[in-house]
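Working notes, beginning with the structure itself.
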Amino acid sequence: MDRKHQSRQRCKKKVKTLKEDYLPKLIQYEIHQSNLNGRNSYAKTDCDATFLRMKDDHMGNGQLKPAYNVQIGTEHQYIINYTFHQQANDMPVLKEHLQSTKAQLAAIGQPMPQRLSSDAGYGSEENYDYIEQEGLENYVKYPGFYQEQKKTRRQDPFRRENLYYNPEQDYFVCPMGQHLAFTHTTIIHSKSGYPSLVRLYQAQRCDNCPLRGQCHDSKTERVIQINPNLQRHKDQARRNLHSLRGRFLRRKRSVEPESVFGQLKWNRKFNRFLLKGMDKVSCEFGILAIAHNLKKMWSAKRKARIVPMGPNLPSNDPVLTENTQINTLKCCFIKTQSLVAA
Ligand code: SF4
């Protein structure tokens, strides 16, 4: 009887702990999980903001701060469209940004630009496939675009791209003359879940090779992965980027969105949002974008650099037309208006 009573007491105590301690914690974890929505962190003061490493690090300790990843599309330094994202990485957000830009331009009856130029942070297979699907000309750099032009890289005999490839018999040849034969294909998923078909080639025997230290770190034989689709896109991007127009667009890109961010963040000292939450912050940036475009339009008018749209003016004329400016204003205005209404 005594033992039964003791066991009942123990059970009651455990149920009490479960109800009072564990269940509230479980509910809390579930709330955190839903706020995270696939992210690694979120700020308690603004659940939509993610902790990101900022460029301005006043404390010098790499402190993480709640922030958003803002993407802008510009034309002649006028903001055409802006989108807000919660990921630190730029690669997975390009598609969403382009879709939003397409919708914005469609709202004012304008087509998408023919060419897309961006920095190397956007060069992924998923983005390249989307650009191809949309029929845009690809001037998007890929990671390693500048490094591959260096002499040390081009002359490194161990690098995968410098190995001799025999297309008829489908094998690579390593610096020791050994064949890296095709073994199998596999599907690799990116962080965003995009599948890539990869072909694997393996060396037959790397034991006792005197060049092994320079060649690879693997404990087994050397294996190389080839993604033919990505390779095709990269070859196309490389050709475009080295063309006359590509060189012009590369030069132009460095003074397009970067100068806009410089204007907003450095010249106008807009380093911190006043509002919280993705929607409110988007509205705040929208108003800022409209102000930026108006200011640019005004300063261009003052310098008398705008010319009225004439019937004989070619569409790719570098001179900025009034129509282009009004369209950029319309784009930002429609987007901000819809956000405010929501
Ligand atoms: S380590 Fe293997 S793949 Fe590299 S050079 Fe030697 S034999 Fe060739």
Side-chain angles (χ1 to χ4, degrees), residues 20-74 79-101 103-104 118-122 124 126-127 143 189-194 257-292 332 335-342:
E20 290 176 5
D21 296 347
Y22 296 157
L23 274 179
K25 270 188 185 161
L26 185 68
I27 293 166
Q28 239 181 22
Y29 288 146
E30 278 171 1
I31 294 169
H32 286 319
Q33 207 65 41
S34 82
N35 282 339
L36 279 169
N37 193 20
R39 292 178 286 166
N40 291 333
S41 64
Y42 77 89
K44 279 186 183 172
T45 50
D46 177 1
C47 296
D48 288 345
T50 313
F51 275 97
L52 304 178
R53 203 172 295 284
M54 312 294 280
K55 277 182 188 162
D56 45 333
D57 182 17
H58 304 297
M59 308 262 281
N61 58 359
Q63 198 185 21
L64 303 174
K65 289 178 189 160
Y68 293 92
N69 181 354
V70 186
Q71 298 288 320
I72 56 169
T74 61
I79 302 173
I80 294 177
N81 187 30
Y82 58 89
T83 46
F84 275 69
H85 307 271
Q86 294 175 312
Q87 301 100 314
N89 195 350
D90 287 336
M91 251 178 212
V93 305
L94 181 75
K95 196 171 162 185
E96 198 184 324
H97 180 76
L98 288 179
Q99 281 166 345
S100 161
T101 308
Q104 285 304 119
S118 78
D119 69 26
Y122 299 88
S124 71
E126 183 177 5
N127 291 341
H189 290 88
S190 68
K191 273 188 186 170
S192 62
Y194 195 76
E258 311 302 345
S259 344
V260 175
F261 279 125
Q263 272 287 336
L264 300 179
K265 291 176 81 177
W266 184 257
N267 296 351
R268 295 200 198 118
K269 307 284 177 226
F270 187 82
N271 294 318
R272 186 181 283 238
F273 288 108
L274 302 172
L275 302 173
K276 288 176 189 169
M278 182 85 102
D279 293 340
K280 290 182 186 172
V281 162
S282 298
C283 285
E284 194 179 342
F285 191 83
I287 294 164
L288 200 73
I290 293 171
H292 170 83
C332 287
K335 176 150 188 168
T336 313
Q337 197 186 26
S338 64
L339 284 166
V340 170

Short question: side chain of S41, backbone of F51 - any donor-acceptor pair under 3.5 Å? yes
[X] vs [Y] side-chain heavy atoms within contact, under 4.5 Å:
{"X": "S34", "Y": "N37", "answer": "no"}
{"X": "I80", "Y": "T74", "answer": "no"}
{"X": "D48", "Y": "Y68", "answer": "yes"}
{"X": "E284", "Y": "F273", "answer": "yes"}

Counting only heavy atoms not in F261, do more than 12 sit closer than 6.0 Å to its CZ atom? yes
Looking at K65, I'd like to know if its NZ atom is crowded, meaning that more than 12 non-hydrogen atoms belonging to other residues, nucleotides or ligands lie closer than 6.0 Å.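 Above 12, so yes.
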Say whether [X] and [Y], considering side chains only, have a donor N or O and an acceptor N or O under 3.5 Å apart.
{"X": "Y122", "Y": "Q71", "value": "yes"}
{"X": "Y82", "Y": "H97", "value": "no"}
{"X": "Q87", "Y": "T50", "value": "no"}

Is the F285-F84 ring centre distance short of 6.0 angstrom?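 Yes, the ring centres sit under 6.0 Å apart.
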Check against side chain to side chain donor-acceptor pair (under 3.5 Å), T83 and E96: CA-CA 8 Å; T83 46; E96 198 184 324; over 6 Å; no
